[in-house]
Amino acid sequence: QADMIEYNGYSRETSSRVVKTQQLEWLKWDQTRGMSIHTALTTYGLQGWTLASTSQMVNLFNQFQFGLGQTAWREAESLNQTAYDSWSATENASQNAFLQLFGVNRSLGCDAITEPFCYPSADAYAETLALFGSDANQNQRFNMASVRDDLTEISPDGVIHFDAFSRLSPDNVAVDQAYTSVGVALVRANHVAAVNVPASSGLLLLGLSALLWLRRR
């Protein structure tokens with residue numbers, strides 16, 4: 001039996017690439033890393049995946065309560081929205097849970113690439129980014145969402161702690177643009193959760209009634 005990652009109504013089996021809620025499924029953002037919106041929809045569209053709308057992304061950020069007490073995420077395609085959550089020595093913040101569920105698209109550690117800066121594994125640089133949007137203003141441009149956990153940076157100047165960071169960027173990405181460390185947020189209906197139990201029971205009773213009618217003939 002696979003282990004389960006759960007946070008505030010969102011869950012994913014560790015062996016699965018799908019994050020589930022009661023009504024909606026999200027494909028992990030690292031599954032579409034480096035893809036444009038067009039490429040992602042071409043790749044996954046036949047499986048029922050569609051681009052996450054502005055409303056769905058705003059609801060996602062509000063459910064995770066990024067920047068709680070600082071901002072309420074709004075449905076505004078042209079608005080740059082950012083929020084910070086204070087650094088903490090613990091790794092149980094909502095950003096950390098988000099990265100465990102949706103995957104990491106950009107990470108930095110302590111290696112030759114990041115020298116002279118070092119991000120120790122216990123509190124490394126970890127971020128996920130994804131394209132989304134509804135294009136309600138019909139300018140043929142889409143938005144980018146990003147979530148970064150808090151981190152510790154060791155540099156020649158000493159040790160610096162950075163706060164967790166979340167952003168919904170303005171709509172300035174074309175449908176065919178792709179970025180190395182950015183995925184595409186794809187969603188689809190959770191059909192299993194959508195099954196109506198009373199309706200299913202009604203079908204069962206209808207089937208039994210038909211069987212009894214056939215026996216009486």
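Worth knowing before you read on, the calculation uses all heavy atoms, side chains too, and leaves out hydrogens, waters and symmetry mates.
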Trainee: May I have the step-by-step check of side chain to side chain contact (heavy atoms under 4.5 Å, CB included) for Val159 and Thr152, ending in yes or no?
Mentor: CA-CA 7 Å; Val159 177; Thr152 297; 3.7 Å; yes
Trainee: Does any non-hydrogen side-chain atom of Phe142 lie less than 4.5 Å from one of Asp171?
Mentor: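 Asp171 vs Phe142: side chains apart.
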Trainee: Please determine, by modelled atom types, if Glu91 and Asn96 share a side-chain donor-acceptor pair under 3.5 angstrom.
Mentor: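 On atom types as modelled, these side chains qualify, holding a pair under 3.5 Å.
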Trainee: Would you say Val184 and Leu51 make side-chain contact, with heavy atoms under 4.5 Å?
Mentor: yes
Trainee: Excluding sequence neighbours, so at least two apart, what forms side-chain contact (heavy atoms from CB on, under 4.5 Å) with Arg167?
Mentor: Asn80, Thr82, Ser146, Phe165, Ser169
Trainee: Say whether, by atom type as modelled, one donor and one acceptor occur between the side chain of Thr43 and the main chain of Thr39 under 3.5 angstrom.
Mentor: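 Side chain of Thr43 to backbone of Thr39, a donor-acceptor pair under 3.5 Å: yes, one is there.
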Trainee: Evaluate the ring planes of Tyr119 and Tyr125, with Trp represented by its six-membered ring, and classify them as parallel (under 30°), tilted (30 to 60°) or perpendicular (over 60°).
Mentor: perpendicular
Trainee: Check whether Thr50 reaches the backbone of Val187 with its side chain - one donor and one acceptor, N or O, closer than 3.5 Å.
Mentor: yes
Trainee: Out of Phe64, Phe66, Tyr84, which one pairs with Ser166 under the side chain to side chain contact (heavy atoms under 4.5 Å, CB included) rule?
Mentor: Phe66
Trainee: Should Ser94 and Gln65 be marked as a side chain to side chain contact (heavy atoms under 4.5 Å, CB included) after you check the CA-CA gap, both sets of side-chain angles, and the distance that decides it?
Mentor: CA-CA 7 Å; Ser94 58; Gln65 300 182 318; 5.7 Å; no
Trainee: Spell out, as yes or no, whether a donor-acceptor pair under 3.5 Å connects the side chain of Trp26 to the backbone of Ala52.
Mentor: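 Flag not set: sc Trp26 to bb Ala52 has no pair under 3.5 Å.
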Trainee: Starting from Val147, can I reach Val58 by hopping between I/L/V/M/F/W/Y residues whose side chains sit under 4.5 Å apart?
Mentor: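 Cluster IDs for Val58 and Val147 match.
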Trainee: I'd like to check the side chain to side chain donor-acceptor pair (under 3.5 Å) partners of Asp150; sequence neighbours left out, ordered by chain and number.
Mentor: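 Side chain to side chain donor-acceptor pair (under 3.5 Å) check on Asp150 returns nothing, list empty.
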Trainee: If you group Ile, Leu, Val, Met, Phe, Trp and Tyr by side-chain heavy-atom gaps below 4.5 Å, do Trp49 and Phe102 land in one group?
Mentor: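 No, it is not one cluster - the side chains of Trp49 and Phe102 are not joined through contacts under 4.5 Å.
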Trainee: Do Phe162 and Val104 share a hydrophobic cluster, counting only Ile, Leu, Val, Met, Phe, Trp and Tyr and linking them when any side-chain heavy atoms are less than 4.5 Å apart?
Mentor: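 Cluster IDs for Phe162 and Val104 differ.
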Trainee: My understanding is that only residues two or more places apart in sequence, or in another chain, count here; which of them pass side chain to side chain donor-acceptor pair (under 3.5 Å) with Asp176?
Mentor: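 Side chain to side chain donor-acceptor pair (under 3.5 Å) check on Asp176 returns nothing, list empty.
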Trainee: Check whether Leu108 and Trp87 end up in the same hydrophobic cluster, where Ile, Leu, Val, Met, Phe, Trp and Tyr are linked by side-chain heavy atoms less than 4.5 Å apart.
Mentor: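 They do not share one cluster, since no chain of ILVMFWY contacts under 4.5 Å joins Leu108 to Trp87.
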Trainee: Please report the interatomic distance CD(Glu115) to OG(Ser155), rounded to the nearest 0.5 Å.
Mentor: 13.0 Å
Trainee: Tell me the closest heavy-atom pair linking Leu129 and Met144, and the distance in Å.
Mentor: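 Of all heavy-atom pairs spanning Leu129 and Met144, the closest is CD2-SD, 4.1 Å.
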Trainee: Where do Trp29 and Phe98 land on the ring pair (Phe, Tyr, Trp, His ring centres under 6.0 Å) test, with the steps shown first?
Mentor: CA-CA 11 Å; Trp29 292 5; Phe98 191 92; 5.2 Å; yes
Trainee: Counting N and O atoms only, with roles assigned by atom type, does the side chain of Gln31 sit under 3.5 Å from a partner on the main chain of Lys28, one being a donor and the other an acceptor?
Mentor: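 It does not hold such a pair.
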Trainee: Give the intermediate values and the outcome of side chain to side chain contact (heavy atoms under 4.5 Å, CB included) for residues Leu186 and Leu41.
Mentor: CA-CA 8 Å; Leu186 299 180; Leu41 292 176; 3.8 Å; yes
Trainee: Treating Ile, Leu, Val, Met, Phe, Trp and Tyr as nodes and any side-chain heavy-atom pair under 4.5 angstrom as an edge, say whether Phe132 and Leu27 lie in one connected cluster.
Mentor: no
Trainee: Is it true that a side-chain atom of Arg106 and a backbone atom of Glu127 form a donor plus acceptor pair closer than 3.5 Å?
Mentor: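 Not a single qualifying donor-acceptor pair exists.
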Trainee: Within this structure, what is the CD1-CG distance for the pair Ile5 and Asp3, rounded to the nearest 0.5 Å?
Mentor: 8.5 Å
Trainee: State the CD-CZ distance between Gln81 and Phe61, to the nearest 0.5 angstrom.
Mentor: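 Reported value, rounded in 0.5 Å steps: 9.5 Å.
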Trainee: Judged by atom type as modelled, is there a donor-acceptor pair below 3.5 Å linking the side chain of Ser16 to the main-chain atoms of Val18?
Mentor: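 Looks like yes, one N/O pair under 3.5 Å.
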Trainee: How far apart are the C-alpha atoms of Asp30 and Thr128, what are their side-chain angles, what is the distance that settles it, and do they pass the side chain to side chain contact (heavy atoms under 4.5 Å, CB included) test?
Mentor: CA-CA 8 Å; Asp30 58 3; Thr128 191; 6.0 Å; no
Trainee: Determine yes or no for a side-chain-to-main-chain donor-acceptor pair under 3.5 angstrom, with Arg148 supplying the side chain and Asp163 the backbone.
Mentor: yes
Trainee: What pair of heavy atoms forms the shortest contact from Arg188 to Leu24, and how long is it?
Mentor: O-CD1, 3.4 Å
Trainee: Please find the pair of heavy atoms, one from Ala145 and one from Leu168, that lie closest to each other, and give the distance.
Mentor: CB-CD2, 3.7 Å
Trainee: Quick one: closest heavy-atom pair of Met35 and Ala178, and the distance?
Mentor: C-CB, 3.8 Å
Trainee: With a cut-off of 6.0 Å (strictly less than), are more than 12 heavy atoms of other residues, nucleotides or ligands near NE2 of His38?
Mentor: no
Trainee: Is there a donor-acceptor contact under 3.5 Å from the side chain of Asn143 to the main chain of Glu77?
Mentor: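 Indeed, once roles are kept as given, a pair shorter than 3.5 Å links the two residues.
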Trainee: Return the minimal non-hydrogen interatomic distance between Ala83 and Gly67, and the atom names on each side.
Mentor: CB-CA, 3.7 Å
Trainee: If you count heavy atoms of other groups shown closer than 6.0 angstrom to CD of Gln47, is the number above 12?
Mentor: yes
Trainee: Under 3.5 Å, is there a donor-acceptor pair linking the side chains of Thr90 and Ser88?
Mentor: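 Note: Thr90 and Ser88 side chains meet the donor-acceptor criterion.
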Trainee: Examine distances only and state if a side-chain atom of Glu153 and a backbone atom of Phe117 form a donor-acceptor pair shorter than 3.5 Å.
Mentor: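 Absent.
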Trainee: Please answer whether the main-chain N or O of Trp73 pairs with a side-chain N or O of Asn62 as donor and acceptor at a distance below 3.5 Å.
Mentor: yes
Trainee: Where is the tightest heavy-atom contact between Glu75 and Ser55, given as atom of each residue plus distance?
Mentor: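 Scanning both residues completely, I find the closest heavy atoms to be OE2-OG, 3.5 Å.
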